[in-house]
Trainee: 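Could you have a look at this structure, given as structure tokens, before my questions?
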Amino acid sequence: MNEVKHIVSDIKNGNIKPIYFLMGDEAYYIDKISEYIEKNVLDESEKGFNQVVMYGRDVTVEEIVSSAKRYPMMAERQVLIVKEAQDLARTIDKLESYAANPQPTTVLVLNYKYKKLDKRKKAYKAIAKNGLIYESKKLYENQVSDWIRRVLSGKKYQIEPKASHMLVEFLGNDLSKISNELDKLTSVLPVETIITPIHIEENIGISKDFNNFELLKAIGDKNVVKVNRIINYFCENPKKNPTIVTISTLNGFFTKLLLYHGLKDKSKANIARSLGVNPYFVGDYTTAAKSFPMRKVAQVIAMLRDADVKSKGVGANQSQSDILKELLFKILH
């Protein structure tokens with residue numbers, strides 16, 4: 001995020017590069033930088049003649065270069081944005097000659113999503129020398145809650161840790177999807193609101209009581225009645241609660257619990273740091289560790305691997321619901 005802010009700040013200050021090669025697995029920041037350039041580099045009166053958006057599937061590198069070499073009309077510069085530029089992956093090396101000597105009055109933006117340009121290639125070196133290359137990396141899921149907090153803070157909102165965790169559990173680390181849901185929340189809730197699980201349930205449709213977070217907590221407490229209620233809800237709503245996702249979430253939890261047992265320093269700060277979790281959730285691991293000693297945790301991880309294989313249709317004729325119910329029975333007994 002700091003790198004993105006720096007890029008935007010440079011553009012605001014008039015330090016505009018002739019080429020922006022935006023690549024990587026996280027589309028969110030690629031889109032944000034590209035959109036900022038599209039909206040702000042040219043005045044509205046200049047865009048009609050001097051701003052062009054192309055799509056990688058519809059053009060060749062040669063056509064892009066030809067357009068980039070043109071001079072702007074009645075403006076200081078022209079902006080050429082190539083969306084889905086990853087569709088040109090096989091021929092992108094042909095950009096090297098233009099990148100070695102780019103047109104100074106053109107701002108060429110290439111959105112090269114889900115791929116990376118090889119640093120050993122001449123094209124990469126030429127762009128890096130005369131333009132800007134930005135690699136947008138996926139956040140790990142344990143980093144996303146902090147990202148949510150910072151985004152909301154910038155809009156003058158706060159969010160409870162459990163509410164943030166619900167979003168991550170439901171949407172993973174797809175920042176674009178999460179951003180869309182945050183926009184929904186901030187459009188209906190007044191500024192300065194502290195977003196709670198109830199807000200998430202009412203506005204996004206994620207149950208505050210029947211989700212993987214509550215399932216983990218119930219398992220850690222060995223609350224059999226609550227576990228069964230949640231599992232029954234999951235089985236009745238399989239599209240919202242896929243078995244494969246639940247198994248993956250359980251595996252992450254018990255893997256962290258195994259790490260917890262191996263820690264010598266069990267201070268709250270060290271547990272949070274070592275497990276990569278918000279300090280708010282440390283108590284859940286402390287409680288679960290009492291219910292699940294190290295040997296049992298190791299057994300559970302083996303059970304999860306077996307259930308994961310079965311859930312993918314290998315060596316089992318059980319339904320997804322039966323696989324999940326059998327797994328939870330074994331874990332709790």
Side-chain angles (χ1 to χ4, degrees), residues 1-6 26 28-29 137-175 178-179 181-182 185 192-200 206 208-209 211-223 226-227 230 245-301 304 331:
M1 185 178 277
N2 288 336
E3 190 177 354
V4 174
K5 287 180 178 177
H6 181 72
E26 181 50 72
Y28 177 80
Y29 286 120
K137 297 178 180 179
K138 279 282 188 187
L139 294 182
Y140 294 112
E141 286 200 5
N142 62 6
Q143 298 173 309
V144 178
S145 287
D146 187 54
W147 180 86
I148 291 171
R149 181 189 59 76
R150 285 186 281 122
V151 168
L152 288 172
S153 177
K155 298 180 179 182
K156 297 185 179 179
Y157 289 82
Q158 296 180 56
I159 187 167
E160 291 183 0
K162 180 182 173 182
S164 177
H165 190 85
M166 286 168 65
L167 285 172
V168 178
E169 176 203 312
F170 191 70
L171 299 168
N173 61 349
D174 188 323
L175 300 189
I178 294 172
S179 179
E181 299 303 333
L182 295 183
L185 289 168
E192 307 291 349
T193 296
I194 299 174
I195 296 169
T196 68
I198 293 174
H199 291 133
I200 301 294
I206 306 170
K208 67 180 177 61
D209 297 315
N211 55 65
N212 283 320
F213 170 78
E214 291 297 334
L215 176 62
L216 296 179
K217 192 170 179 60
I219 291 171
D221 293 336
K222 282 214 167 177
N223 186 333
K226 188 174 181 180
V227 168
I230 295 171
V245 174
T246 298
I247 292 172
S248 176
T249 303
L250 288 167
N251 186 65
F253 178 77
F254 279 98
T255 299
K256 286 185 174 72
L257 196 56
L258 193 64
L259 291 172
Y260 174 95
H261 279 298
L263 294 176
K264 291 182 179 179
D265 177 5
K266 285 189 170 61
S267 64
K268 186 174 183 179
N270 188 58
I271 293 169
R273 183 170 53 252
S274 301
L275 271 57
V277 300
N278 189 303
Y280 176 86
F281 300 113
V282 166
D284 294 339
Y285 288 91
T286 302
T287 300
K290 295 174 184 176
S291 301
F292 295 91
M294 184 177 282
R295 180 178 292 180
K296 177 64 175 179
V297 173
Q299 291 171 351
V300 169
I301 290 173
L304 287 163
I331 288 174

Trainee: Does this structure show an ion pair linking Lys138 with Glu26, if we count only N-O contacts that are shorter than 4.0 Å?
Mentor: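 Yes.
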
Trainee: Can you tell me how far the CD1 atom of Ile198 sits from the CG atom of Asp209, to the nearest 0.5 Å?
Mentor: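 Reported value, rounded in 0.5 Å steps: 9.0 Å.
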
Trainee: Hey, does the side chain of Ser291 reach the backbone of Gly220 with a donor-acceptor pair shorter than 3.5 angstrom?
Mentor: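 Pair found, side chain donor or acceptor close to backbone of Gly220.
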
Trainee: A side-chain contact here means heavy atoms from C-beta on lying under 4.5 Å apart; do Asp174 and Ile178 qualify?
Mentor: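 Not touching, per the 4.5 Å side-chain cut-off.
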
Trainee: To the closest 0.5 Å, what do you measure between OG (Ser179) and CH2 (Trp147)?
Mentor: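 Rounded to the nearest 0.5 Å, the OG-CH2 separation comes out at 5.0 Å.
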
Trainee: Name all residues meeting the side chain to side chain donor-acceptor pair (under 3.5 Å) criterion together with Arg150; count only those two or more places apart in sequence or in a different chain, and write none if there are none.
Mentor: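 Asp146.
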
Trainee: Backbone N or O of Tyr280 within a donor-acceptor pair of the Asn278 side chain at under 3.5 Å?
Mentor: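 Here the side-chain-to-backbone pair exists.
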
Trainee: Indicate yes or no: at least one non-hydrogen side-chain atom of Ile200 is less than 4.5 angstrom from one of Lys208.
Mentor: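 The answer is no, as the side chains (C-beta and beyond) never meet within the 4.5 Å cut-off.
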
Trainee: Roughly how far, to the nearest 0.5 Å, is the CG atom of Leu171 from the CE atom of Met166?
Mentor: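 Going from CE on Met166 over to CG on Leu171, the span is 10.5 Å.
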
Trainee: Start with the C-alpha gap between Glu192 and Lys156, add the side-chain angles, then the distance that decides, and say whether salt bridge (charged side-chain N to carboxylate O under 4.0 Å, His left out) holds.
Mentor: CA-CA 5 Å; Glu192 307 291 349; Lys156 297 185 179 179; 5.5 Å; no

Trainee: Under 3.5 Å, side chain of Ser274 to main-chain N/O of Asn270, donor-acceptor pair present?
Mentor: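 A pair under 3.5 Å: yes.
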
Trainee: Rounded to the nearest 0.5 Å, how far does OG of Ser267 lie from CZ of Arg273?
Mentor: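 Here the interatomic distance stands at 6.5 Å.
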
Trainee: When rounded to the nearest 0.5 angstrom, what distance separates CG in Leu139 from CG in Asn173?
Mentor: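 CG of Asn173 is found 7.0 Å from CG of Leu139.
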
Trainee: Taking all non-hydrogen atoms of both residues into account, name the closest pair between Pro197 and Ala163 and its distance.
Mentor: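 The answer is N-CB, 3.7 Å.
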
Trainee: Can you list the residues that meet the ring pair (Phe, Tyr, Trp, His ring centres under 6.0 Å) rule with Phe213, with sequence neighbours excluded?
Mentor: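 If we apply the ring pair (Phe, Tyr, Trp, His ring centres under 6.0 Å) test to Phe213, skipping adjacent residues, the hits are His165, Phe281.
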
Trainee: With heavy-atom distances below 4.5 Å as the criterion, would you say the side chains of Leu182 and Val151 are in contact?
Mentor: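 Yes, side chains in contact.
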
Trainee: With Gln158, which of Thr193, Leu152, Ile195, Ile194 fulfils side-chain contact (heavy atoms from CB on, under 4.5 Å)?
Mentor: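 When Thr193, Leu152, Ile195, Ile194 are each tested with Gln158, the side-chain contact (heavy atoms from CB on, under 4.5 Å) holds only for Ile194.
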
Trainee: Residues in side chain to side chain donor-acceptor pair (under 3.5 Å) with Thr249, at least two apart?
Mentor: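 Thr249: no side chain to side chain donor-acceptor pair (under 3.5 Å) contacts found.
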
Trainee: Mind checking side chain to side chain donor-acceptor pair (under 3.5 Å) for Glu214 and listing every partner two or more places apart, or none if nothing turns up?
Mentor: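 Result, side chain to side chain donor-acceptor pair (under 3.5 Å) vs Glu214: Lys162, Lys226.
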
Trainee: Which residues pass the side chain to side chain donor-acceptor pair (under 3.5 Å) test with Thr196, not counting sequence neighbours?
Mentor: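 Partners of Thr196 under the side chain to side chain donor-acceptor pair (under 3.5 Å) test: His199.
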
Trainee: Give, for atom CG of Leu185 and atom NZ of Lys155, the distance between the pair rounded to the nearest 0.5 Å.
Mentor: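 Reported value, rounded in 0.5 Å steps: 9.5 Å.
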
Trainee: In residues 250-264, what donor-acceptor pairs under 3.5 Å come from side-chain atoms, sequence neighbours left out?
Mentor:
residue, atom, partner, partner atom, Å
Thr255, OG1, Asn251, O, 2.7
His261, NE2, Phe292, O, 2.7

